[in-house]
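Structure first, commentary second.
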Amino acid sequence: MDFVQEKNAVDGEIANLASNINGYLSNHATFRGNSYYSDQAKGLQVRLQRDMQELKNTQAMDEGKKQAILNLFQIEYRRVSGLYNGVMSSRQGGSYQPGFSDGTNASYEFDAANADFKSKY
């Protein structure tokens with residue numbers, strides 16, 4: 001697996017999911033009765049868990065680069081988990097704001113860490 005390519009692909013999919021969620025919220029007040037977005041987020045969580053495990057088992061990679069990519073995957077996991085938690089909270093009658101706020105913070109953290117990664121590798 002090309003882990004850099006996978007990092008970029010997952011980043012794009014999370015950004016697309018966040019955009020779609022925001023679009024949904026422009027026409028709906030909550031996610032009650034809608035499992036599509038939580039299912040999409042859960043799928044990305046599972047994918048990232050698999051990616052992280054595969055990366056941890058990889059031997060033939062510079063250790064610094066490996067750790068940097070692992071860190072980026074972990075941030076992306078927090079990012080998509082914020083989306084998931086926000087949608088699930090809303091589906092259950094709560095607010096999506098805390099989860100989405102966590103996801104937004106992780107998004108900014110990812111952007112900074114990814115820029116640092118690109119400057120080094």
Side-chain angles (χ1 to χ4, degrees):
M1 173 186 292
D2 182 334
F3 292 105
V4 174
Q5 190 175 43
E6 176 67 357
K7 165 193 69 78
N8 295 335
V10 170
D11 179 48
E13 289 186 38
I14 294 173
N16 190 46
L17 177 60
S19 177
N20 290 340
I21 285 171
N22 287 331
Y24 180 85
L25 285 173
S26 70
N27 298 316
H28 303 84
T30 73
F31 291 93
R32 279 189 187 258
N34 182 321
S35 63
Y36 177 78
Y37 297 110
S38 55
D39 291 348
Q40 294 297 305
K42 179 55 79 179
L44 286 167
Q45 286 176 318
V46 169
R47 179 176 172 181
L48 281 161
Q49 287 173 326
R50 185 181 60 238
D51 291 344
M52 287 186 281
Q53 190 58 51
E54 188 172 334
L55 179 58
K56 288 176 185 176
N57 294 335
T58 297
Q59 303 286 327
M61 183 184 286
D62 171 73
E63 191 61 31
K65 183 176 183 179
K66 180 178 175 177
Q67 289 304 314
I69 296 171
L70 184 59
N71 180 56
L72 289 165
F73 280 153
Q74 290 167 338
I75 296 168
E76 288 287 62
Y77 187 86
R78 288 198 323 269
R79 182 177 172 200
V80 76
S81 294
L83 292 173
Y84 177 81
N85 293 338
V87 169
M88 289 304 293
S89 177
S90 177
R91 285 181 60 198
Q92 298 165 359
S95 173
Y96 55 79
Q97 289 293 349
F100 288 3
S101 178
D102 291 343
T104 297
N105 290 338
S107 178
Y108 294 141
E109 184 181 347
F110 176 84
D111 289 344
N114 196 40
D116 184 55
F117 175 83
K118 289 178 179 179
S119 74
K120 292 179 180 174
Y121 304 102

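Note that these values count all heavy atoms, side chains included, but never hydrogens, waters or copies made by symmetry. Each residue takes its place number in the sequence, starting with 1.
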### Query
Does the pair Leu70 and Gln74 meet the rule for a side-chain contact (heavy atoms from CB on, under 4.5 Å), with working shown?
CA-CA 6 Å; Leu70 184 59; Gln74 290 167 338; 3.9 Å; yes
### Query
Hydrophobic cluster mates of Tyr84, side-chain heavy atoms under 4.5 angstrom, ILVMFWY only, any path?
Met88
### Task
Using the side-chain contact (heavy atoms from CB on, under 4.5 Å) rule, take Glu76 and Leu44 through it: C-alpha gap first, then chi angles, then the decisive distance, then the call.
CA-CA 9 Å; Glu76 288 287 62; Leu44 286 167; over 6 Å; no
### Message
For a side-chain contact (heavy atoms from CB on, under 4.5 Å) check, start with the C-alpha distance between Tyr37 and Asn20, then their side-chain angles and the critical distance, and finish with the verdict.
### Response
CA-CA 8 Å; Tyr37 297 110; Asn20 290 340; 3.9 Å; yes
Calculate, to the nearest 0.5 Å, the distance between atoms [atom1] and [atom2] belonging to [X] and [Y] respectively.
| X | Y | atom1 | atom2 | answer |
| --- | --- | --- | --- | --- |
| Phe110 | Asp11 | CZ | CG | 4.0 Å |
| Ile69 | Leu55 | CD1 | CG | 6.0 Å |
| Thr58 | Gln53 | OG1 | CD | 10.0 Å |
| Lys66 | Asn71 | NZ | CG | 14.5 Å |

#### Entry: Contacts of Asp51 that satisfy salt bridge (charged side-chain N to carboxylate O under 4.0 Å, His left out) - sequence neighbours left out
none
For [X], what residues pass the side chain to side chain donor-acceptor pair (under 3.5 Å) criterion, not counting sequence neighbours?
| X | value |
| --- | --- |
| Glu54 | none |
| Lys120 | Asp116 |
| Arg78 | Glu109 |
| Gln49 | Tyr77 |

### Task
Could you walk me through whether Glu13 and Leu17 pass the side-chain contact (heavy atoms from CB on, under 4.5 Å) test, one step at a time?
CA-CA 6 Å; Glu13 289 186 38; Leu17 177 60; over 6 Å; no
### Message
Suppose we screen for side chain to side chain contact (heavy atoms under 4.5 Å, CB included). Which residues come up paired with Asn27, at least two apart in sequence or across chains?
### Response
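Partners of Asn27 by the side chain to side chain contact (heavy atoms under 4.5 Å, CB included) criterion come out as none, since no residue qualifies.
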### Query
Mind checking what makes side chain to side chain contact (heavy atoms under 4.5 Å, CB included) contact with Asp39, not counting sequence neighbours?
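Applying side chain to side chain contact (heavy atoms under 4.5 Å, CB included) to Asp39 gives Ser35.
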### Query
Are a donor atom and an acceptor atom from the side chains of Lys42 and Gln45 found within less than 3.5 Å of each other?
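Distance-only check passes for Lys42 and Gln45.
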Would you be so kind as to tabulate the donor-acceptor pairs closer than 3.5 Å made by side chains of residues 100-107, with sequence neighbours excluded?
{"residue": "Thr104", "atom": "OG1", "partner": "Phe100", "partner atom": "O", "Å": "3.0"}
{"residue": "Asn105", "atom": "ND2", "partner": "Ser101", "partner atom": "O", "Å": "3.4"}

What are the two closest heavy atoms between [X] and [Y], and how far apart are they?
| X | Y | result |
| --- | --- | --- |
| Lys65 | Asp62 | N-OD2, 2.8 Å |
| Ala68 | Tyr121 | CB-CE1, 4.0 Å |
| Ile14 | Arg79 | CG2-NE, 3.4 Å |

### Partner set under ring-ring contact (aromatic ring centres under 6.0 Å, His included) for Tyr108, not counting sequence neighbours
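Tyr108 satisfies ring-ring contact (aromatic ring centres under 6.0 Å, His included) with no other residue.
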### Query
Okay, side chain of Ser26, backbone of Gly23: is any donor-acceptor separation there less than 3.5 Å?
yes
May I have the list of side-chain donor-acceptor pairs in residues 91-98 shorter than 3.5 Å, sequence neighbours left out?
{"residue": "Arg91", "atom": "NE", "partner": "Asn34", "partner atom": "O", "Å": "3.3"}
{"residue": "Arg91", "atom": "NH1", "partner": "Ser38", "partner atom": "OG", "Å": "2.8"}
{"residue": "Ser95", "atom": "OG", "partner": "Gln97", "partner atom": "N", "Å": "3.0"}

### Query
So with a 6.0 Å cut-off around OH of Tyr24, is the heavy-atom count from everything else above 12?
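Yes, the 6.0 Å shell around OH holds more than 12 heavy atoms from other groups.
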Would you give me the side-chain donor-acceptor pairs under 3.5 Å for residues 1-9, sequence neighbours excluded?
{"residue": "Asp2", "atom": "OD1", "partner": "Val4", "partner atom": "N", "Å": "3.1"}
{"residue": "Asp2", "atom": "OD1", "partner": "Gln5", "partner atom": "N", "Å": "3.0"}
{"residue": "Glu6", "atom": "OE1", "partner": "Arg47", "partner atom": "NH2", "Å": "2.9"}
{"residue": "Glu6", "atom": "OE2", "partner": "Arg47", "partner atom": "NE", "Å": "2.7"}
{"residue": "Glu6", "atom": "OE2", "partner": "Arg47", "partner atom": "NH2", "Å": "3.3"}
{"residue": "Lys7", "atom": "NZ", "partner": "Asn114", "partner atom": "OD1", "Å": "2.7"}
{"residue": "Asn8", "atom": "ND2", "partner": "Val4", "partner atom": "O", "Å": "3.3"}

